[in-house]
Novice: 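Right, I'll just put the structure down here and ask away after.
For the numbers below, each heavy atom of this structure counts, side chains included, while hydrogens, waters and symmetry mates do not.
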There are 2 protein chains.
Amino acid sequence: MSGQAADLTVAFADGTPLYLQVAQHVQKLIDDGTYPVGSLLPRESDLAEALGVSRHTIRQAISQLRQRGLLTARKGVGTRVEAPQDDWRSRFSANSRGGLFDFARATELHFKTRKTVEARGQIAAEMGVRPGRKFHYLSGPRYYAGDAKPFCVNEVYLDPRLRHVVDDIPILRVALFNLVEEATGDRVMEIQQDVRAAYMPDHVAHWLDREPGDLALKMTRRYLGSGARLLEYAVQYHPGDNFAYHTTLSSI
Amino acid sequence: MSGQAADLTVAFADGTPLYLQVAQHVQKLIDDGTYPVGSLLPRESDLAEALGVSRHTIRQAISQLRQRGLLTARKGVGTRVEAPQDDWRSRFSANSRGGLFDFARATELHFKTRKTVEARGQIAAEMGVRPGRKFHYLSGPRYYAGDAKPFCVNEVYLDPRLRHVVDDIPILRVALFNLVEEATGDRVMEIQQDVRAAYMPDHVAHWLDREPGDLALKMTRRYLGSGARLLEYAVQYHPGDNFAYHTTLSSI
DNA sequence: ATGAATTTGTACGTATGTATA
DNA sequence: TTATACATACGTACAAATTCA
């Protein structure tokens, strides 16, 4: 039914666990169309045999991809390839709309505040770093190009060593993590995004022409490089009365 | 070090998988203070022996609780009980069709209200249907299986012709859109999801033991079948003070 | 600083259950 | 009814990280 396992021979690198290597390998095969969206993977035991690993390891790998929404499995049927809605490459690639990349290019972030801060307490916890670590902090309103009024406020925390990346930029029109990638040579491997309800802080309310304490949607993003190193941390406040974070979860 | 496994003897119910029963059991022991926040669980092999299951099953159970942020584990140290309410630790991360599927299986939706309503005004606009269209409406709190307190409240709007699908179900343990798919033969092709900040309505606050007007995260989902037909509309309210909608945009 | 003990992580094997086609 | 394929659950062994004597 599900056909052959194709050529799954692969030279496994060392260091990273086998099941993660398998997960990466399977995802490559999904990306290059070997396993198209909507199709069924070969069954677990076939994959195990083809890759020369145990079925247990295959299940660990599939479990990873299922947690990311890339695969779904049904008893008695098989494991289906789903549309990678939240895979960041698809959201950030040139041909997809609504991604952060396009978002950054269609808007302007006006830096109004620059200072060096220490991450403490709740901020440090949200950032996932030890309290006391220093960051270069920037903040300001973000406009749709040409608009008179900003529609949200951004805060950015950068490694102080990356300060030079933004020092000469009063108005940012591209995605900051792209600049960071260029400056460091590192690559953003993962973006962890949280969306929560919040009350609007004073400085945000001021820029957005609202009242402090108004309803707001607070989005935080942690940009992780290789080795889960935190490259950038960003916070975005949207007015709560007229903004919704929208996603489409398409299946097949 | 971490002491005895206490009296972990338990009569396992049938039906639900063993590892989920173990997860519920461990969580009870956390809730009642047997394993206080900050302490280490007995080591996996001790738990396995005490409960009369294999270490593999224990690990599956712990994995469940780790995904919910209730436990963290470190190699060479042990498995630590984390603060359950500690702010953004409780996160909702079902960001794909498969994620919603698994989410529904790990939780219980207790239907408390059933009535026929007409979509009007803002509701009709959010649903994207003409005002006056009739729907079968259900609502109630949603629990993590075994929990005493609900963590969110669900509202569901169904085509009245699909009423029989849920009429005999007091407690839902699967994804409703799956039942709808089975009943109609149609398939959910797309899920449009919005996340916004909101003030908590009265009936929601009541079930969640909060005050009306409290901060809330409101998620709405439109389940579209073939031809963009609206099969189901669902609203989910989370307490805003300790909940975040989490997405990981990974690139592997 | 070294090494032993501890504890989770990874990986293998095997068998049986259950939903689906 | 039968075959299929994932789900659950048992077992074993060793690796890797941490802690502590």
Side-chain angles (χ1 to χ4, degrees), chain A residues 1-5 12-26 35 39-67 71-82 227-228, chain B residues 1-5 12-26 35 39-67 71-82 98 101-102 105-106 173-175 178-179 181-182 185 187:
Chain A
M1 198 58 56
S2 46
Q4 295 304 316
F12 286 130
D14 58 330
T16 68
L18 190 52
Y19 73 92
L20 283 181
Q21 296 177 40
V22 171
Q24 292 177 27
H25 181 69
V26 170
Y35 303 136
S39 70
L40 292 177
L41 289 189
R43 67 169 202 263
E44 294 171 345
S45 46
D46 281 350
L47 278 174
E49 191 181 6
L51 291 173
V53 302
S54 70
R55 188 183 156 212
H56 175 69
T57 301
I58 293 291
R59 280 185 65 78
Q60 278 181 295
I62 288 179
S63 168
Q64 288 286 317
L65 299 177
R66 284 176 63 177
Q67 283 182 36
L71 299 175
T72 56
R74 288 180 67 195
K75 218 182 281 190
V77 180
T79 303
R80 191 172 299 278
V81 180
E82 300 288 341
Chain B
M1 199 53 58
S2 46
Q4 295 305 316
F12 286 131
D14 58 331
T16 68
L18 190 52
Y19 73 91
L20 282 181
Q21 297 177 40
V22 171
Q24 291 177 30
H25 182 69
V26 170
Y35 303 136
S39 70
L40 293 177
L41 287 190
R43 67 170 203 263
E44 295 171 345
S45 46
D46 281 350
L47 277 175
E49 191 181 6
L51 291 172
V53 301
S54 69
R55 186 182 160 214
H56 174 70
T57 301
I58 294 291
R59 282 185 64 78
Q60 279 181 294
I62 288 179
S63 169
Q64 287 285 316
L65 300 176
R66 284 175 64 175
Q67 283 183 34
L71 298 175
T72 56
R74 285 180 64 199
K75 212 184 286 189
V77 181
T79 304
R80 192 172 300 278
V81 180
E82 299 290 338
F101 190 85
D102 291 340
R105 272 181 47 112
R173 299 168 207 269
V174 296
N178 269 131
L179 300 182
E181 284 180 339
E182 288 168 16
R187 179 172 158 77

Novice: Counting heavy atoms from C-beta on, name the nucleotide in C/dA15, C/dA11, D/dA9 closest to the side chain of A/Pro17.
Specialist: C/dA11
Novice: In whole Å, what is the span from the CD atom of A/Glu49 to the P atom of C/dA11?
Specialist: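 The answer, rounded to whole Å, is 19 Å.
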Novice: Once you round it to whole Å, what is the distance between P of D/dT18 and CG of B/Leu40?
Specialist: 14 Å
Novice: Can you tell me the distance, in whole Å, between the CD atom of A/Gln60 and the P atom of D/dC6?
Specialist: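 It works out to 16 Å between those atoms.
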Novice: Any side-chain N or O of B/Thr57 less than 4.0 Å from the OP1 or OP2 oxygen of D/dT8?
Specialist: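 It does not, given that no N or O in the side chain of B/Thr57 lies less than 4.0 Å from OP1 or OP2 of D/dT8.
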Novice: Reading DNA chain C from 5' onward, which residue's closest nucleotide shows up sooner: A/Tyr19 or A/Arg55?
Specialist: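 Final value for this comparison: A/Tyr19.
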Novice: Heavy atoms under 4.0 Å, any strand shown: does B/Arg80 hit a base, just sugar-phosphate, or nothing?
Specialist: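 Counting heavy atoms under 4.0 Å across all strands, no contact is made by B/Arg80.
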Novice: If you go through the side-chain atoms of B/Arg59, does one of them form a donor-acceptor pair with the base of D/dA9 closer than 3.5 Å?
Specialist: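 No, no donor-acceptor pair under 3.5 Å.
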Novice: According to a strict under-4.0 Å criterion, is B/Arg43 in side-chain N/O contact with OP1 or OP2 of C/dG9?
Specialist: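 Checking B/Arg43 against C/dG9: no side-chain N or O falls below 4.0 Å of OP1 or OP2.
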Novice: Between atom CZ of A/Arg43 and atom CZ of A/Arg55, what is the distance when rounded to the nearest 0.5 Å?
Specialist: 9.5 Å
Novice: Just verifying a value: how many Å separate B/Leu47 CG and B/Ile58 CD1, rounded to the nearest 0.5 Å?
Specialist: 5.0 Å
Novice: Measure from CZ on A/Arg66 to C1' on D/dA5 and round the result to the nearest Å.
Specialist: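 Distance, rounded to whole Å: 12 Å.
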Novice: Select one nucleotide: of D/dC6, C/dT20, D/dG11, the one nearest the side-chain heavy atoms of A/Glu44.
Specialist: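 Per side-chain heavy atoms of A/Glu44, the pick is D/dC6.
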Novice: Taking atom C1' of D/dA13 as reference, at what distance in whole Å does atom NE2 of B/His56 sit?
Specialist: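 The distance from NE2 of B/His56 to C1' of D/dA13 comes to 16 Å, rounded to the nearest Å.
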Novice: In whole angstroms, how far is the P atom of D/dG11 from the CD1 atom of B/Ile58?
Specialist: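 From B/Ile58 CD1 to D/dG11 P: 11 Å.
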Novice: So, taking the atom named OG1 in A/Thr79 and the one named CZ in A/Arg74, what distance separates them when rounded to the nearest 0.5 Å?
Specialist: 11.5 Å
Novice: Specify the separation, in whole Å, of atom CD of B/Gln64 and atom P of D/dA7.
Specialist: 13 Å
Novice: Any heavy-atom pair between the side chains of A/Gln64 and A/Leu20 that's under 4.5 Å?
Specialist: yes
Novice: Let me know the distance between CG of B/Leu47 and C1' of C/dT8, rounded to the nearest Å.
Specialist: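 It is 13 Å, rounded to the nearest whole Å.
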Novice: Classify B/Ser45 by what it touches in the nucleic acid, base, sugar-phosphate, or nothing, heavy-atom distance under 4.0 Å.
Specialist: nothing
Novice: Where the side chain of B/Lys75 is concerned, which of D/dC10, C/dA11, C/dG9 is the nearest nucleotide?
Specialist: C/dG9
Novice: Begin with the C-alpha distance, continue with both residues' side-chain angles, and end with the deciding distance and a verdict on side-chain contact (heavy atoms from CB on, under 4.5 Å) for B/His56 and A/His56.
Specialist: CA-CA 11 Å; B/His56 174 70; A/His56 175 69; 4.3 Å; yes
Novice: From C-beta outward on B/Arg74, which listed nucleotide comes closest to its side chain: D/dA7, D/dT18, D/dA9?
Specialist: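 Shortest atom-to-atom distance from the side chain points to D/dT18.
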